[in-house]
Asker: 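Quick one: the structure is below, and I'll ask about it shortly.
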Amino acid sequence: MKPLFIPLTLCALILGTPAYSQSKSEAPVKKPTVKKAPVPAGPNPTISNSPYGPHERQVVDFYKAESDAPTPLVFYIHGGGWMGGDKAKVSGLKDYLAEGISVVSINYRYVSQAIEAGIEPPVKWSLEDAARALQFVRSKADEWNIDPKRIGATGGSAGGASTCWLCTHDDMADPNSADPVARESTRLMCGAPSGAQTCFDPHLLREWLPNMSYGGHAFGFRKDGISRQEEFQAFYDNRDKVMPWVEEYSAYHLVTPDDSPIFLQYGGDPKLLPEKGQSPKDPTHSAVLGLLFQTKLNEAGVENYIVYPGGPEAPWKSATTFLIDRLKSE
């Protein structure tokens, strides 16, 4: 009888022993554990989620700069198309605090929430929340040790559009109101928006940037199942019906000589300088919006500056440096 041959691996399975042994030289080399350096945490708010209204999104965070004298204040409005985003991340926060400037970052009700509530136009909630939050902050001036005359606003994209709106809108204070917060001013010492949408007239926008598709949602043309281009087309086609709203909520249409100084910051391709009639990759944040807004500001004699890649030099390189300089000036 021939001897029975059982493969080594099968023996291992039967006996429950390793199929082979590793020599020390074959053992895998254990790599040393490299501990990653902890990511430095940003400053925590001095006061979190202070409410300026009854809705869960009507809250602000306050970051107090250490100072015996009342401090200037940066009023930060987050971006996100008025459809998303949060007050948690504040661009330039550490720089402001290091310079003795306090900061307030706000949340506000989204356009989508306004649509659900039947508000017309939906952007009314987002923008008027920014104004109300500013009044609330001024009402806290003594308690929070801030100078109510030295408040500058900033924010990116939709937050920048909100900043432009506050810079150009007449004071919304109601001196006869029974509500002490409503009696506070909504005017700013200055504004420094980044990537801001400055105009919401769909006919002008298409003339300036033929591939523009942003803005229809803010004025009630958002529907499930349609693209942003279709949404904007509906906005364009119904322009006459919504122009009273556009004239109330579009910064371009509110410009008057007494408006706050404004510093406009944009990104973009330095090889493609912004010009009217272009169709850039990102029309929503194109410097064309800033340049044509600047033309309107210049006509009214409003102090303004603009920076963008490849553009002319300005005294300040960023919204942060502008705000620090202007808010600390006497």
Asker: Sequence neighbours left out, what passes ring-ring contact (aromatic ring centres under 6.0 Å, His included) with Trp208? Give chain and number order.
Answerer: Tyr252
Asker: So, using side-chain hydrogen bond (donor to acceptor under 3.5 Å, both in side chains) as the criterion, who are the partners of Ser102 when residues are at least two apart?
Answerer: Thr71
Asker: Considering the options Asp325, Ile324, Leu327, Thr320, which one meets the side-chain contact (heavy atoms from CB on, under 4.5 Å) requirement together with Glu99?
Answerer: Ile324
Asker: Set out, in order, the CA-CA distance, both residues' side-chain angles and the distance that settles side-chain contact (heavy atoms from CB on, under 4.5 Å) for Thr163 and Ile77, then state yes or no.
Answerer: CA-CA 7 Å; Thr163 297; Ile77 312 168; 3.9 Å; yes
Asker: Using the ring-ring contact (aromatic ring centres under 6.0 Å, His included) criterion, which residues pair with Tyr305? Sequence neighbours excluded.
Answerer: Trp316
Asker: Can you list, pair by pair, the side-chain donor-acceptor contacts under 3.5 Å of residues 217-224, counting residues two or more places apart and other chains?
Answerer:
unit_1: His217; atom_1: NE2; unit_2: Gly81; atom_2: O; d: 3.0

Asker: Scan side-chain atoms only and decide if Ser157 and His285 contain a donor-acceptor pair under the 3.5 Å cut-off.
Answerer: yes
Asker: Is the closest side-chain donor-acceptor distance between Arg206 and Gln233 under 3.5 Å?
Answerer: yes
Asker: Determine the minimum heavy-atom distance between Leu127 and Ser162, stating which atoms define it.
Answerer: CD2-OG, 3.4 Å
Asker: Is the Tyr236 to His203 ring centre distance short of 6.0 Å?
Answerer: yes
Asker: Apply ring-ring contact (aromatic ring centres under 6.0 Å, His included) to Phe293 and list each qualifying residue two or more places apart in sequence or on a separate chain.
Answerer: none
Asker: Roughly how far, to the nearest 0.5 Å, is the CG atom of Asn211 from the CD atom of Gln229?
Answerer: 7.5 Å
Asker: Can you confirm if the aromatic rings of Phe322 and Phe263 lie within a centre distance of less than 6.0 Å?
Answerer: yes
Asker: Can you name the closest pair of heavy atoms from Leu273 and Pro309 and give their distance?
Answerer: CD2-O, 3.9 Å
Asker: Check step by step if side-chain contact (heavy atoms from CB on, under 4.5 Å) holds for Leu297 and Ile262.
Answerer: CA-CA 9 Å; Leu297 294 169; Ile262 191 164; 3.5 Å; yes
Asker: Sequence neighbours excluded, which residues qualify as ring-ring contact (aromatic ring centres under 6.0 Å, His included) partners of Phe62?
Answerer: Trp144
Asker: Name the one of Trp165, Tyr110, Phe200, Trp125 that satisfies ring pair (Phe, Tyr, Trp, His ring centres under 6.0 Å) with Trp82?
Answerer: Phe200
Asker: Dump the intermediate steps for side-chain contact (heavy atoms from CB on, under 4.5 Å) on Lys87 and Asn49, then the final yes or no.
Answerer: CA-CA 10 Å; Lys87 60 182 169 53; Asn49 295 318; 2.8 Å; yes
Asker: Would a 4.5 Å heavy-atom cut-off, applied to side chains only, mark Asn107 and Val60 as touching?
Answerer: no
Asker: Looking only at the side chains, is there a donor atom on one of Lys296 and Asn304 sitting less than 3.5 Å from an acceptor on the other?
Answerer: no
Asker: Does Asp142, at its CG atom, have more than 12 non-hydrogen atoms belonging to other residues, nucleotides or ligands within less than 6.0 Å?
Answerer: no
Asker: Establish, from distance only, whether the side-chain atoms of Ser185 and Asp171 form a donor-acceptor pair under 3.5 Å.
Answerer: yes
Asker: Do you see a donor-acceptor pair shorter than 3.5 Å between the side chains of Glu248 and His253?
Answerer: no
Asker: Side chains of Thr256 and Asp259: donor-acceptor distance under 3.5 Å anywhere?
Answerer: yes
Asker: Any idea which heavy atoms bring Ser260 and Cys190 closest together, and the distance?
Answerer: CB-CA, 4.2 Å
